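See structure below.
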Amino acid sequence: MTVLLVIASLSCLLTWLLRRYALASSLMDIPNARSSHSIPTPRGGGVAIVVCFVLAVLGLALLGKVDSVVVFVLGGAGGLVAVIGFLDDHGHIAARWRLLGHFSAAGWALFWLGGLPAVSLFGTLVDLGWFGHLLAAIYLVWVLNLYNFMDGIDGIASVEAICICIGGALLYVWLGDAHGSLMIVLSLAAAVLGFLIWNFPPARIFMGDAGSGFLGITLGVLSLQAAWASPQLLWAWLILLGVFVVDATFTLFRRLLRGDRVYEAHRSHAYQFASRHYGRHLPVTLVVGAINLFWLLPIALVVGFGILDGTIGLLVAYLPLVWLAAKFNAGALELK
C-alpha cells in the first residue's frame, strides 16, 4: 500500500510540474469546432502516468516482484507509443508514420509475449496460429487508437483505466498473481490516480496523445498477458474494456458506412453527444465509472471465475452498451 501511495503522489507532483511546463511553453489545447471543451487548457499531463508507471515496473522487476520480461514488453511498446504521442503533442506527425510506429510497438509486445494464445470459444480452446498473431497486432493498435479517440472529455480516460485495473486486480487476487500481474495493474491505477487529481472535471490539464496512447497499448498488452495465464481472462478483460470498445467501434463503423473520412477529427462519439446533451463532462464521466463498476465488473468476474462462458458473457455485457451508443447517436452527423 505504501508503494502505491508513493506512485500516486509522484504522479500527482509530476503532473503539476508538467502543467507548469505546458503553461510556460504555451503547450495548450485550444478549443475548436471539434472540441468538447470551451477554454484553452494545458495538455501533455499523461507523461506523468508513463514515467511513474515505467519506473514502478522497473523497480518491481529489480526487486524480483515481477517477471523482467514485463519491463521489455510494457516499457518497450508503451515507451515507443508514448514518444510518438509526445512528439505529436508538440508538432503534428503524419498519420501513416504514427500507424507504422503503432504497429511496430504492437509487434514488439507480441514478440515478447509469444503472440496470441489459444482462445476459448464456447468452452473449446482454438489455436488461431499466425492469423491469431495478426489479429492480436490489429487488436493492440485498435485499443491504442480507440483510447486516444475516447479521451475527449475531462477525466473519462483516467476513470476508465482505474476501473479496468480494479477489475484486473480482483481477478488476479482470486485466480493467482501470475508474474506479479497484481502489482502491475495496481501500480498503473496508482499512476493514473495521481494524474486524475488534476484531470477530474473541470480538468486543469489534459492527458495528451502520449498518455492516452500509452494507456491504450498498456491495457491491451495486459489483456493478452492475462490470456496466457488463463484463457477466460482474455474475455474478462475485453468485458472490462467494454465502454471504450463499444463506443469507439460503433462510431467508427457508422462513419465508415456513411463514407466519412474516419481519420479526421470529430466529436461524434456517444460520450461526446452525451456531454453536450447534459451540458457538463462530470455526469458522463461518473456514469462511465458506474457502468464499469456495477455492470461490466461483475460480469467480468463471473467470466474470469469460469462460471459463465466468455463469449456469452461478452455478448451480455456489450448489448446494453450498443443500445446506449445508438441512443446517444454515436457516429451520427454533428449538427452545425
Side-chain angles (χ1 to χ4, degrees), residues 120 122 139 142-143 146-147 149-175 182 185-186 188-189 192-193 196 200-201 212 215-216 218-220 222-223 226-227 230-254 269-275 277-278 280-331:
S120 176
F122 299 105
Y139 163 72
W142 177 229
V143 173
L146 74 81
Y147 219 92
F149 301 154
M150 294 294 290
D151 179 31
I153 63 172
D154 299 351
I156 190 170
S158 302
V159 167
E160 175 79 357
I162 291 172
C163 290
I164 292 169
C165 288
I166 290 172
L170 291 175
L171 287 167
Y172 292 132
V173 167
W174 181 265
L175 296 172
L182 175 60
V185 294
L186 290 178
L188 182 59
V192 176
L193 179 61
L196 180 59
F200 196 77
S212 59
L215 280 179
T218 298
L219 292 170
L222 290 174
S223 69
S230 180
Q232 71 263 29
L233 288 186
L234 176 61
W235 294 105
W237 272 83
L238 288 173
I239 291 167
L240 292 171
L241 286 160
V243 172
F244 275 26
V245 169
V246 170
D247 192 350
T249 305
F250 189 102
T251 299
L252 175 69
F253 277 118
R254 191 168 182 183
H269 290 98
Y271 77 92
Q272 291 168 317
F273 277 114
S275 68
H277 174 77
Y278 293 109
R280 292 192 301 156
H281 294 184
L282 181 60
V284 180
T285 297
L286 292 178
V287 167
V288 166
I291 291 172
N292 273 284
L293 295 177
F294 301 114
W295 175 246
L296 296 178
L297 177 56
I299 298 175
L301 293 177
V302 170
V303 168
F305 298 163
I307 300 172
L308 179 66
D309 177 77
T311 316
I312 296 173
L314 187 79
L315 291 172
V316 171
Y318 277 21
L319 282 176
L321 300 182
V322 172
W323 176 81
L324 280 174
K327 175 180 173 60
F328 283 99
N329 301 312

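Only this structure's heavy atoms are used, side chains among them; waters, hydrogens and symmetry mates stay out. Here the structure is a predicted model, which means the values were calculated and not measured.
- In terms of heavy-atom proximity, Q272 sits nearest to S275 at O-OG, 2.8 Å.
- In this structure, CD1 in I164 is found 11.5 Å from OG1 in T218, a value given to the nearest 0.5 Å.
- Atoms CG and CG, on L182 and L171 in that order, are 10.5 Å from each other to the nearest 0.5 Å.
- Of the inter-residue distances, the one linking T285 atom OG1 with D154 atom CG reads 6.5 Å to the nearest 0.5 angstrom.
- Looking only at side-chain heavy atoms (C-beta outward), D247 and L321 stay at 4.5 Å or farther from each other.
- Here the closest non-hydrogen pair linking Y172 and A226 is OH-CB, 3.4 Å.
- For the pair A157 and D151, the tightest heavy-atom approach, listed with the atom from each and the gap, is CB-OD1, 3.7 Å.
- Minimum heavy-atom separation, G289 to V159: CA-CG1, 3.7 Å.
- Side-chain contact between L170 and L297: present, with at least one pair of heavy atoms (C-beta onward) separated by less than 4.5 Å.
- The two residues V288 and N292 come nearest to each other via the heavy atoms O-ND2, 2.8 Å.
- For the residue pair A270 and T251, the shortest heavy atom distance occurs at N-OG1, 4.3 Å.
- No donor-acceptor distance shorter than 3.5 angstrom exists from the side chain of W142 to the backbone of T249, with no hydrogens or angles considered.
- Note that the NE2 atom of H269 and the CZ atom of R254 stand 12.5 Å from one another [nearest 0.5 Å].
- Proximity of L252 to L146: side-chain heavy atoms (C-beta onward) are nowhere separated by under 4.5 Å.
- No donor-acceptor pair closer than 3.5 Å links the side chain of Y318 to the backbone N or O of V245.
- Interatomic distance, CZ of F273 versus OH of Y278, reported as 14.0 Å (0.5 Å rounding).
- No donor-acceptor pair closer than 3.5 Å links the side chain of H281 to the backbone N or O of P201.
- Between L238 and Y139, some side-chain heavy-atom pair lies under the 4.5 Å cut-off.
- No donor-acceptor pair closer than 3.5 Å links the side chain of Y271 to the backbone N or O of V243.
- Although no hydrogens or angles enter the test, the distance criterion places a donor-acceptor pair under 3.5 Å between the side chain of S223 and the main chain of G220.
- The CD1 atom of I239 lies 10.0 Å from the CG atom of L234; values are rounded to the nearest 0.5 Å.
- Looking at heavy atoms from C-beta onward, V143 lies out of side-chain contact with F244 at the 4.5 angstrom threshold.
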Solution key, residues 298-315 side-chain donor-acceptor pairs under 3.5 Å, sequence neighbours excluded:
unit_1 : atom_1 : unit_2 : atom_2 : d
D309   : OD1    : F122   : N      : 3.3
D309   : OD1    : G123   : N      : 3.2
D309   : OD2    : T311   : N      : 3.0
D309   : OD2    : T311   : OG1    : 3.4
D309   : OD2    : I312   : N      : 3.3

